2 protein chains.
Amino acid sequence: MATRTAAQQRADAKLAYDAYVAECPTRQLLDRISDKWVSLLINALAEQPQRYGDLSRRVAGISQKMLTQTLRAMERDGLVSRTVTLAVPVRVEYALTPLGRGLLPVMRAIMSWAEANMDEVLAARSDYDSANGT
Amino acid sequence: MATRTAAQQRADAKLAYDAYVAECPTRQLLDRISDKWVSLLINALAEQPQRYGDLSRRVAGISQKMLTQTLRAMERDGLVSRTVTLAVPVRVEYALTPLGRGLLPVMRAIMSWAEANMDEVLAARSDYDSANGT
DNA sequence: CGGGATCCGTCACGATACTG
DNA sequence: CAGTATCGTGACGGATCCCG
């Protein structure tokens with residue numbers, strides 16, 4: 001329970017002391033989209049609707065906790081749908097909603113940029129590192 | 001020193017256990033871009049080059065620690081430049097590099113999507129919340 | 001003074017174990 | 001198979017101090 005509550009109170013706190021957020025509510029959404037796991041999950045689900053275990057393997061680095069937590073948050077925001085098929089092994093399938101699917105072009109744009117400029121970033125990175133010794 | 005080291009070891013650890021990352025190095029970049037503060041700072045710096053204190057006020061919710069840390073990471077990746085003008089009060093100005101400026105269209109796309117679909121997300125959110133009671 | 005490093009408390013995260 | 005509960009670590013925010 002502490003998980004979502006914590007995220008919530010951070011958002012609330014921000015709204016309280018950050019006028020910039022208040023006059024531009026899209027910051028909340030940008031925060032949600034700018035989540036590491038959200039972007040990965042959206043891309044994963046873009047290929048096809050997938051089950052919990054599939055996503056767990058597809059994204060690989062994610063823990064069950066964060067997978068559940070992120071999936072819940074995305075479901076709450078209407079980005080993904082959660083379909084439970086009651087069977088002997090319970091089957092839960094996650095899929096992108098039309099709303100979530102609308103994020104795909106944006107995600108693809110990010111991926112494209114990353115692919116195109118990866119080497120430049122790597123160069124800058126090693127450059128910076130060599131300048132700082134360690 | 002623990003700051004950059006931490007970010008480093010996370011990246012290293014990921015490369016070690018995540019095969020999906022290995023075959024698609026753009027994931028590292030997506031991680032960097034998908035950072036909450038990075039996106040806000042890019043947007044802030046897009047308007048104009050700004051000093052440390054300006055950014056601190058502009059982004060508001062950010063702590064000095066995270067501001068410095070994120071700025072360093074972005075500088076390392078060649079997204080921003082750090083110019084120190086030696087004067088009585090030291091003047092440090094941060095600006096987007098051409099590489100970082102290339103991220104602007106993507107960021108603007110995200111912002112546009114957020115603006116366009118904000119109400120839908122909010123609706124889904126309250127819908128979900130009312131279904132869950134608390 | 002402005003820029004930033006350091007210390008500390010807290011909370012979010014990751015790994016593991018357990019349940020329906 | 002899909003999740004929840006528990007626990008340890010470390011990342012983050014806040015305050016303080018330092019340096020040019």
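First the proteins, then the strands, lettered A, B, ... as listed; each starts at 1. Source: prediction; values computed, not measured.
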Closest listed nucleotide, where the reference is the side chain of A:Q69 and the choices are C:dC13, D:dG3, C:dA5: C:dC13
Contact nearer the 5' end of DNA chain C, comparing A:M66 with A:V90: A:M66
Nucleotide of D:dG14, D:dT6, D:dG3 approaching B:K65 most closely (side-chain heavy atoms): D:dG14
Side chain of B:P89 - closest among C:dT16, D:dA2, C:dG2: C:dG2
Sequence neighbours left out, cut at 3.5 Å: what donor-acceptor pairs do the side chains of residues 94-110 of chain B make with other protein atoms?
unit_1	atom_1	unit_2	atom_2	d
B:Y94	OH	B:R82	NE	3.2
B:T97	OG1	B:G78	O	2.6
B:T97	OG1	B:L79	O	3.0
B:T97	OG1	B:L99	N	3.4
B:T97	OG1	B:G100	N	3.1

Per A:V92 side chain, nearest of listed nucleotides C:dG4, C:dC13, D:dG3: D:dG3
Separation of D:dC1 P from A:L71 CG (nearest whole Å): 17 Å
Separation of D:dA2 P from A:E93 CD (nearest whole Å): 10 Å
With B:D127 via salt bridge (Lys or Arg N to Asp or Glu O under 4.0 Å) - residues at least two apart: none
Helical bend (five base pairs per end, nearest 10°) for the helix from C:dC1-D:dG20 to C:dG20-D:dC1: 30°
Sugar-phosphate, base or nothing in reach of B:R91, heavy atoms under 4.0 Å: nothing
From C:dG4, D:dG3, C:dG3, nucleotide with atom closest to A:Y94 side chain: D:dG3
Of the listed nucleotides C:dG2, C:dG14, D:dG3, the one nearest the side chain of A:S63: C:dG14
